[in-house]
Amino acid sequence: GAGVSQSPRYKVAKRGQDVALRCDPISGHVSLFWYQQALGQGPEFLTYFQNEAQLDKSGLPSDRFFAERPEGSVSTLKIQRTQQEDSAVYLCASSALTLGEQFFGPGTRLTVL
Amino acid sequence: ELKVEQNPLFLSMQEGKNYTIYCNYSTTSDRLYWYRQDPGKSLESLFVLLSNGAVKQEGRLMASLDTKARLSTLHITAAVHDLSATYFCAVDVIYESSGDKLTFGTGTRLAVRP
């Protein structure tokens, strides 16, 4: 079956623009995670959904970051008024259950000019 | 706050040599993963280690876990160029009422030279 997919793969935004990043998890996976990976660093947790419920958003760096998963499948990470420090790869992962292995998507590379 | 430290951060190895990457973490974990990442690519899961004393091997890579020491190792045997990549360890912890999440180490960039 298909793995986790993300779109777009690359996004260039001017500072101040809003962006929306999409994640399609593996079908039937209950858990969905967003991570941010800055250049040369390890991924850092942003937020976690169990079905449509956002159970943990402790990693979101500011109130400009917002994530949703309204029907418990596809998720969107939205960044408002982008700043240069938002430039990173945004990785989405899904798992079949809590503490299950997380499968990662290819990521979206966001560059803010 | 959970901290995960890897060393070395960068490793240049000669083909055919052996080496070990170390991963230390600061609190009790529920499981530990090793991932491989090639430049511009996503994360590929290599191993998941569940309990103290766990050892897993795949080809030239072997991972082990000592939960009492809060230490995991990734041992490379007779390195080949194809192993050149960045390797991450990640600790998975379950938090009451908020699910689980991975905390990653800083990564070890491995370059295998002829």
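Convention: sequence-line order gives letters A, B, ...; per-chain numbering from 1.
The 12-atom threshold is exceeded at CD of E85(A), counting heavy atoms of other residues, nucleotides or ligands nearer than 6.0 Å. Around the CZ atom of R9(A), the shell of radius 6.0 Å holds more than 12 heavy atoms that belong to other residues, nucleotides or ligands. For F65(A), the CZ atom counts as densely surrounded, since its 6.0 Å shell holds more than 12 non-hydrogen atoms of other residues, nucleotides or ligands. Atom CG of L113(A) has more than 12 neighbouring heavy atoms from other residues, nucleotides or ligands inside a 6.0 Å radius. At most 12 heavy atoms of other shown residues, nucleotides or ligands fall within 6.0 angstrom of atom CZ in R109(B).
One finds the OG1 atom of T103(B) at 9.0 Å from the CD atom of E44(A) (value rounded to the nearest 0.5 Å). Note: L43(B) CG to Q102(A) CD = 10.0 Å, rounded to the nearest 0.5 Å.
Heavy atoms of Q50(A) lying under 4.5 Å from chain B are absent altogether. There is no contact between F103(A) and chain B, counting heavy-atom distances below 4.5 Å. In this structure, chain B has a heavy atom under 4.5 Å from the side chain of Q37(A), while its backbone stays farther away. Contacts between E44(B) and chain A at a heavy-atom distance below 4.5 Å are absent for every atom of the residue.
S42(B) places a side-chain N or O within donor-acceptor distance of the main-chain N or O of G105(A), the cut-off being under 3.5 Å.
Linking ILVMFWY side-chain heavy atoms closer than 4.5 Å, directly or via other members, places L110(A) and F66(A) in two distinct hydrophobic clusters. Put simply, W34(B) and L2(B) are part of the same group of oily side chains (I, L, V, M, F, W, Y) that touch within less than 4.5 Å, one to the next. Hydrophobic clustering (ILVMFWY, side-chain heavy atoms < 4.5 Å, transitive): Y25(B) and V93(B) are in one cluster. By the criterion of side-chain heavy atoms lying less than 4.5 angstrom apart, applied directly or through intervening Ile, Leu, Val, Met, Phe, Trp or Tyr residues, I21(B) is grouped together with V4(B) in one hydrophobic cluster. Note on W34(A) and I26(A): separate hydrophobic clusters, where clusters join Ile, Leu, Val, Met, Phe, Trp and Tyr whose side-chain heavy atoms are under 4.5 Å apart, directly or indirectly.
Taking the six-membered ring for Trp and the full ring otherwise, F104(B) and F45(A) have centroids separated by 6.0 Å or more.
Y35(A) approaches L102(B) most closely through the heavy-atom pair OH-N, 3.2 Å. Across all their heavy atoms, S45(B) and E101(A) have their closest contact at OG-OE2, 2.9 Å.
Judged purely by distance below 3.5 Å, without hydrogens or angles, the side chains of Q41(A) and T106(B) never pair a donor atom with an acceptor atom.
Comparing S58(A), G100(A), S95(A), G42(A) by heavy-atom pairs within less than 4.5 Å of chain B, the highest count is held by G42(A).
Residues of residues 46-79 of chain B never come within less than 4.5 angstrom of chain A, heavy atom to heavy atom.
The one candidate from L46(A), D56(A), T47(A) that meets the side-chain contact (heavy atoms from CB on, under 4.5 Å) condition with K101(B) is D56(A).
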